[in-house]
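Please read these numbers as outputs of a predicted model, since none were measured by experiment.
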Amino acid sequence: MAFGKGCHLHLIDGSAFIFRAYHALPPLTRKSDGLPIGAVAGFCNMLQRYVEGNNGPDAPTHVAVIFDKGSHTFRNDMYDLYKANRDAMPEDLRPQMPLTREATVAFNIACEEMEGYEADDIIATLAVQARDLGGRCTIISSDKDLMQLVGGGVEMLDAMKNKVIDVEGVEEKFGVGPNRVVDVQALAGDSVDNVPGAPGIGIKTAALLINEYGSLEQLLDRAEEIKQPKRRQTLIEHRAQIELSKRLVQLDENTPLTFSIDDLEVRDPDPERLLDFLARMEFRTLTKRIADKLGTEAPVIEDAAPVAADAPEMPEIKDATYETVRDAITLQTWVDLVYEHGHVAVDTETTGLDDMVVDLVGISLCVNAGHACYIPLAHKQGSDDLFGSDAAAEGQMPLQEALDLLKPMLEDESILKIGQNMKYDAKIFNRYGIDLAQFDDTMLISYAQNAGLHGHGMDALSERYLGHTPIPIKSLLGTGKSQITFDRVPIDDATPYAAEDADITLRLWQLLKPQLHQKGVTTVYETLERPLVPVLAQMERHGIKVDRDTLSRMSNAFAQKMAGLEAEIHELAGQDFNVGSPKQLGEILFDKLELPGGKKGKTGAYSTGVDILEDLATEHELPGKVLDWRQLSKLKSTYTDALQTHINADTGRVHTSYSIVGANTGRLSSSDPNLQNIPVRSEEGRRIREAFVAEQGNVLVSLDYSQIELRILAHVAGIDALKQAFKDGHDIHAMTASEMFGVPLDEMTPDVRRQAKAINFGVIYGISGFGLARNLRIPRSEAQGFIDRYFERFPGIRAYMDETVQFAKDNGYVQTLFGRKIHTPEINAKGPGAGFAKRAAINAPIQGTAADVIRRAMIQMPAAIKDLPCKMLLQVHDELIFEVPEDAVDDTVNTVRGIMENASDPAVKFDVPLVVDAGQGANWAEAH
DNA sequence: GACATCACG
DNA sequence: GACGTACGTGATGTCC
């Protein structure tokens, strides 16, 4: 039947169905092979409900499901940022996309999509055709971008709310009729699609203006007449941007369709085809339901052997036997197996822990629970003779031959590599010329789900989730002086250990990966954890140049001063003792010299911390000397001495190791050496930073977020006064002091400001009167008074703290603005533990959000600086350090600052600006 | 290996 | 009413 008067066309927005189905359902997987299938199941259910609900008198004569195809459309050619803020499609959804098309076809409903056009354009073109042919059209979608089409026989239907959206509905939403919807959208913009619009103008104002001037074009032509100066200026200044926005939101009603509206005629389902599809998807309930409706027999769905996560029927690890791969033919069969499965757990064995130095000894693979192998590559002959032998052990294939066979698979984007702490393995592979692509990391998957609940090392995960204690590495290597390296382990012993690690990793992945979706942290994992791995790997590889001579000279100077101080201390004490022993020092101070201040701590030992000694310094000369000695001792042992041992012999640089899961809040941690706690607060300590230098012709550039945690606090707690102060670029501590103590800003004294600063920080840490009193060395009652006054002035902060604690009590976790979850298992405990948990819960969203912001900046950084000659070297929580050729400093600062200041976009829109300060110099002391 | 101390944000 | 208390890390030296 040709479409015409009396006909009724239904157009279903396919993408909307898919996303609704995806988010509404748990992450179901097909039992036989673990294929994610939840969105397809939901999609089929929705289609079936649609079919069942549309066989009455008002049934459509024509129907189609319209999909988006590809991500690049003609709108991207107009504006390359169009929809640029969209998060990548979740991984477990991507493979379901083609299946939703198959499902539509199986239901015998027309299924249309066109390269280069959005579904909305196809829908617009068909709706207009239907209208022009004298028929009706119902668009099954609630997408506001389609509302411009309503009217003249075209209406929309929100399938979830079963609510019709007609001309009045559109007017309600936009304040104008459908024909002016695009004008309003052009002005208001759209953060979801990244349509810029006019800054500061929302839908309300836009509708007001359009109604007053009749159309967008008239409004822009007569913009000079607008009374409000700011609005007038905005419209004049951003005219081009507004006009572009209109072109972006205007749907193309003349899409060159490759089919005719007549092709969309409603067809009866073909039972065999539909049921066959549903059975193939293994939808038991739905298959049966639809078979009943169609009056046919439901096909039998075999109970296939499950491999998926919720299938505990894995073979026991302790029963597994693992294969040793000793030749190319066997290895090739394993590579073939990997391609059959599409994924593989990989683990590397090396001669040590320092991935910048160690050699590869072997590789293990696992394609399925219990099905793993070990490929020994550089084992040496047994350690039975006392000195060991450098001869290679028998029965190993040549290392290069193995790598040549594995490299294409490891670099193949269609094969998912699964590892535990993949940064390590990726760095090892990189040193052997292999660029690992497409991976999952069980450590990061665990961290994204369970930060704060437990550790994420393999042993901990294996015991907790698999009930299996892995073979301890010490049982192979021994301990202490007689410890050997892995290449000295006999291959027959190495195989069960190494292959088991890969086996465990694969099992953990099968178990934990599907839970990402369930726990709502897929985006956290995919945008904040996993993409950081290659970024950190490269920073660690770069390392930072450290000048050994500078450190060495400092060590000598410190040693001399310490010797002098030590003599003085012994003199004052009247006896020799170990100044570095708190126990001996306590006895000297409190027993021999009988200074005031008693025992403390569970161990019953005297406490001799810096606070105590500072107080004692007014009573006696000795404690001050000890403090000086301690400072020097710290600087020497931890920094000037230890750092030298970390200088890599090949690179002359120091390569720290960052841990993504090191801190529960989302912060990174740095170790071996820790480069996040290089001294800066004391003058003497800061000089250590002079040893961190740039290569010849380069400088170090440091960029750091200014007051980021306080800005986040102002945002999350919604404190207008603080937000305004940040917008105006005021001194936030002085502002706080002024608000609290009523001192005008121009009469502010440094001391009052200092107190306000302590309070500001205290708030972030979950303030207590006791803590503030100790920090400021004021009476507790006075500190409590400060806090009371602070909360009186900023009641929103008290409310935020209370709400956060309550949220933690209700949910067992708190969240950052980017969705990171930090668990607080102790929050409902009794006793002092609850106090800790409470303060941690208050602090975590703030510290964690700041951590998320800089993570986002770092993840974007490689692409942003790819044309610049600079290198990102270090991260210190709110600071990034780059090494830059002198003539590229300005470009680098501009680019990096832009990325950092806008790092929250578009996921979070802060009410306060993020500000980044920059410094540069030949060394880190100058740059900071 | 636990503890105390102290370096950083 | 008493109890302990600022948040988050890592490295070092003592001492058992």
Side-chain angles (χ1 to χ4, degrees), chain A residues 451-452 479 577-586 600-613 626-627 629-643 645-646 656-659 661-682 684-686 688-689 704-710 713 758-776 780 783 787 814 822 824 830-848 850-851 854 874-879 924 928:
Chain A
T479 54
F577 69 101
N578 185 349
V579 185
S581 164
K583 186 165 172 279
Q584 294 179 30
L585 175 66
K600 261 191 189 170
K602 303 152 212 167
T603 51
Y606 290 116
S607 175
T608 66
V610 58
D611 286 3
I612 306 268
L613 294 192
V626 172
L627 282 173
W629 182 92
R630 277 202 187 149
Q631 193 199 3
L632 295 174
S633 164
K634 181 80 171 187
L635 294 178
K636 182 172 186 292
S637 67
T638 310
Y639 300 104
T640 56
D641 286 353
L643 267 177
T645 70
H646 284 285
T656 184
S657 177
Y658 288 104
S659 170
V661 305
N664 288 334
T665 53
R667 272 195 181 177
L668 303 180
S669 70
S670 157
S671 62
D672 309 299
N674 181 355
L675 295 186
Q676 290 182 322
N677 70 346
I678 303 302
V680 69
R681 291 173 187 170
S682 76
E684 264 188 314
R686 184 156 53 237
I688 289 171
R689 295 189 172 214
D704 69 291
Y705 285 106
S706 161
Q707 310 281 16
I708 186 167
E709 292 193 356
L710 277 175
L713 176 69
I759 297 168
N760 275 333
F761 278 104
V763 166
I764 291 174
Y765 297 152
I767 200 161
S768 75
F770 182 92
L772 184 66
R774 202 178 60 171
N775 188 290
L776 286 176
R780 203 174 151 175
I787 294 171
V814 291
I822 299 119
T824 56
K830 290 202 172 112
F836 281 112
K838 213 168 118 177
R839 291 191 297 273
I842 290 167
N843 175 260
I846 300 170
Q847 186 181 118
I854 197 165
L874 300 178
Q875 189 249 40
V876 192
H877 308 310
D878 62 357
E879 174 188 16
W924 196 359
H928 188 268

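Between A:E879 atom CD and C:dT9 atom P there is a gap of 20 Å when expressed in whole angstrom units. Going from atom CD of A:Q847 over to atom P of B:dC8 covers 17 Å, rounded to whole Å. Counting to the nearest Å, the P atom of C:dA6 and the CZ atom of A:F836 are 6 Å from each other. Distance, A:L713 CG to B:dG9 C1': 16 Å, rounded to whole Å. Spacing between atom CG of A:D641 and atom C1' of B:dC6 amounts to 16 Å, rounded to whole angstrom units. Between the C1' atom of C:dT9 and the CD atom of A:Q676 lies a distance of 8 Å, rounded to the nearest Å. Distance A:Q875 CD to B:dC8 C1': 12 Å, rounded to the nearest Å. Per the geometry, CG belonging to A:D611 stands 11 Å off C1' belonging to B:dT5, to the nearest Å.
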Report, as a single string ordered 5' to 3', how protein heavy atoms within less than 4.0 Å touch nucleotides 10-16 of chain C: B base, S sugar-phosphate only, - not at all. BBSSSSS
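A:I678 comes within 4.0 angstrom of the backbone, heavy atoms only, and of no base. Residue A:G762 is in base contact, counting any heavy-atom pair closer than 4.0 Å across all strands shown. Using a 4.0 Å heavy-atom distance criterion, A:L772 is classed as a base contact. Across all strands shown, A:R686 has no heavy atoms under 4.0 Å from either base or sugar-phosphate atoms. Among the heavy atoms of the strands, none lies under 4.0 Å from A:D704. Within 4.0 Å of A:N775, counting heavy atoms only, lies at least one base atom of the nucleic acid. Nucleic acid contact class of A:F761 (heavy atoms, under 4.0 Å, all strands): none. No contact: A:A834 has no heavy atom under 4.0 Å from any strand. Looking at heavy-atom distances under 4.0 Å, A:Q631 makes contact with sugar-phosphate atoms alone, never a base.
Side-chain N/O atoms of A:R839 include one lying less than 4.0 angstrom from OP1 or OP2 on C:dC7. Here A:R774 reaches the OP1 or OP2 of C:dA6: one of its side-chain N or O atoms lies under 4.0 Å away.
A:L643 places a side-chain heavy atom less than 4.5 Å from the side chain of A:L675. For the pair A:Y765 and A:L772, the minimum side-chain heavy-atom distance is 4.5 Å or more.
For A:N775, the side-chain contact (heavy atoms from CB on, under 4.5 Å) partners two or more places apart in sequence, or in a different chain, are A:A758. A:K838 meets the salt bridge (charged side-chain N to carboxylate O under 4.0 Å, His left out) test with no other residue; sequence neighbours excluded. A:R686 meets the side-chain hydrogen bond (donor to acceptor under 3.5 Å, both in side chains) test with A:E683; sequence neighbours excluded. Under the side-chain contact (heavy atoms from CB on, under 4.5 Å) criterion, A:L627 pairs with A:V610, A:L613, A:E614, sequence neighbours left out.
Remark: side-chain polar atoms of A:T656 are not paired, donor with acceptor, to backbone N or O of A:D672 under 3.5 angstrom. With A:Q676 contributing its side chain and A:Q875 its backbone, the two residues share a donor-acceptor pair below 3.5 Å. Here the side chain of A:R667 pairs no donor or acceptor atom with the backbone of A:H877 at under 3.5 angstrom.
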Strand DNA chain C in bracket notation, Watson-Crick/G-U under 3.5 Å with | for pairs to another chain: ......|||||||||.
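Look at the P atom in both C:dA6 and B:dA4: the space between them is 13 Å, to the nearest Å. To the nearest whole angstrom, the two P atoms, one in C:dT5 and one in B:dT5, are 13 Å apart.
For the atom pair A:L585 CG and A:T608 OG1, the distance stands at 5.0 Å (nearest 0.5 Å).
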Working note: A:Y606 + A:I612, criterion side chain to side chain contact (heavy atoms under 4.5 Å, CB included); need CA distance, chi angles, decisive distance, verdict. CA-CA 10 Å; A:Y606 290 116; A:I612 306 268; over 6 Å; no
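A:R681 contributes a side-chain N or O that forms a donor-acceptor pair with the base of B:dG9 under 3.5 Å.
Side-chain proximity of A:A758 to the nucleotides B:dG9, C:dA6, C:dC7 is greatest for C:dA6.
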